[in-house]
There are 2 protein chains.
Amino acid sequence: MSHSNLANVVPFPRSAPSAAPCVCPKLFRASAPGIAEAERFYSRDEDIYGECEPAEYVYQVISGAVRTYKLLNDGRRQIDAFHLPGDIFGLVAGYAHRVTAEAIIDTNVRIMRRRTLEAIAGTDVATACDLWRMTADELRRAQDHMLLLGRKSAAERVAAFLLEMDRRLSTAGMVALPMSRRDIGDYLGLTLETVSRTLSHLHDQAILSFSGARHIVLLDRARLVAMNA
Amino acid sequence: MSHSNLANVVPFPRSAPSAAPCVCPKLFRASAPGIAEAERFYSRDEDIYGECEPAEYVYQVISGAVRTYKLLNDGRRQIDAFHLPGDIFGLVAGYAHRVTAEAIIDTNVRIMRRRTLEAIAGTDVATACDLWRMTADELRRAQDHMLLLGRKSAAERVAAFLLEMDRRLSTAGMVALPMSRRDIGDYLGLTLETVSRTLSHLHDQAILSFSGARHIVLLDRARLVAMNA
DNA sequence: CGCCGGATTGATCAGTTTCAAGGCATGTGG
DNA sequence: CCACATGCCTTGAAACTGATCAATCCGGCG
């Protein structure tokens, strides 16, 4: 009955657990027909959904990049996550979104109706469990990020960011950042100037090199890991 | 089949939705026999579970207070949540805990075996949904807290803390804080001195009054709300 | 009553932000 | 094809917020 590839990590009892571990479901399960309903395109800086808006769809990034954030009255912004190709975002248990989502660059997403997903989850325990796991993974990242925001220095934050991006989107030894220094700052709880200065400092120390401001080669991951506290 | 009182907010299809809204399940459902398996007592500062430890139980605070936190190598601490009477904590979707839990003061908790909960969730969609919702509620709080940690000033953080505690544990117009200034600082990403100074400043402005350091009366919630950005 | 841990308060310091100027890359139109 | 405009990034100097270091102070408890 289950189409999940997460059978061995989901805690629910399961009749036929698979052998392949997968901590974070990265793709809509291809074997569940009708799940991925459509694709949509968003231009750079286009809104995908707003905070408090009813959550009608769940999204998966095909190409491009998305930021989700919260704002204060006076415009201060906290980006809670960057969503890169393969990532699913926009899934909430409640009625409404709790962050705003915007395309960072031109972005293609796959969408599925939340209603459909819930209908499946209502009858298929594996799917219900997938939903829970996806939310739990987001929570885990949020908890790590709270530690960063509350207790890490600027250098430690930038090091953590570089290692995260290296892990998530490096190709051919190079990290091609889709986001601006301001986006990075708003993710790390810093100003764009501090981000820039810290990157320059890492460059001076030969920990990284640039090919234009948004293409970074990590030359010494060990030192980044060491400074990640 | 469902014993949940959340029928109308959980998004799963349900045959007989109830009328009472309840955004956050505060109690183990009393009508599910055998759920609450036992009670346990923890003394002030006693460990309940550690980060990375296998998650065997889920907990509900009966009396007392609990802090959950992460540490950096050098001892810097970020408290991600305070758990007060009625709150459930220790629920994770994965195998292991991702934060450490400690009793702040002498604390009684109700525990249930995670295995039991999962067994129920495996057959009862409403329970599966409750688990998802509880994790989603934690995520929502984490997202709000990231905004606080990344972008709010010390005064705004303390104001937010006071309003939160006022909402969660005020009795007879008084907030009886179970935690120290250091705990508050580690929750808000500040030092204990900054917390103390900010509280003193609010006292000078007649926004609050003290009955001993840990008993606070809010005299002007409106101004606290206003400074909460 | 005195002790002790926690809280307050003060003075100084450091890290990050703010304000400001200039540089570099990209893209567009002459 | 080049000049220029634009937006993003870098860099510098000064200001500021919150941290650190260091005394007390207070209150609860033995």
For the pair made of [atom1] in [X] and [atom2] in [N], what is the distance, rounded to whole Å?
X        : N      : atom1 : atom2 : result
B:Leu177 : D:dG27 : CG    : P     : 16 Å
B:Leu202 : C:dT9  : CG    : P     : 12 Å
B:Arg76  : D:dA19 : CZ    : C1'   : 13 Å
A:Glu193 : C:dG15 : CD    : P     : 18 Å
A:Asp186 : C:dT17 : CG    : P     : 11 Å
B:His201 : C:dT8  : NE2   : P     : 15 Å
B:Asp45  : C:dG6  : CG    : C1'   : 13 Å
A:Leu199 : C:dT16 : CG    : P     : 14 Å

Sugar-phosphate, base or nothing in reach of [X], heavy atoms under 4.0 Å:
X        : answer
A:Ser196 : base
A:Thr194 : base
B:Arg44  : sugar-phosphate
A:Gly189 : sugar-phosphate
A:Arg197 : base
A:Leu192 : base
B:Ser180 : sugar-phosphate

For this session: Taking the six-membered ring for Trp and the full ring for Phe, Tyr or His, determine whether the centres of B:His215 and B:Phe210 are under 6.0 Å apart.
Result: no
Problem set entry | Within the 6.0 Å centroid threshold, strictly below: A:Tyr49 and A:Tyr57 | no
Problem set entry | Heavy-atom neighbours of B:Arg214 CZ exceed 12 at 6.0 Å | yes
Problem set entry | Residue mapping more 5' on DNA chain D - nearest nucleotide basis, A:Arg182 or A:Arg151 | A:Arg182
Problem set entry | Cation-aromatic face contact B:Arg77/B:Tyr69, 6.0 Å, 45 degrees | yes
Which listed nucleotide ([options]) is nearest to the side chain of [X]?
X        : options               : answer
B:Thr191 : D:dA19, C:dT9, D:dC9  : D:dA19
A:Ala213 : C:dT8, D:dT10, D:dA19 : D:dT10
A:Leu190 : C:dT17, C:dT8, D:dC21 : C:dT17
A:Arg214 : C:dA7, D:dC9, C:dT9   : D:dC9

For this session: Look at the rings of A:Tyr187 and A:Phe82 and say which category their plane angle falls in: under 30° parallel, 30 to 60° tilted, over 60° perpendicular.
Result: tilted
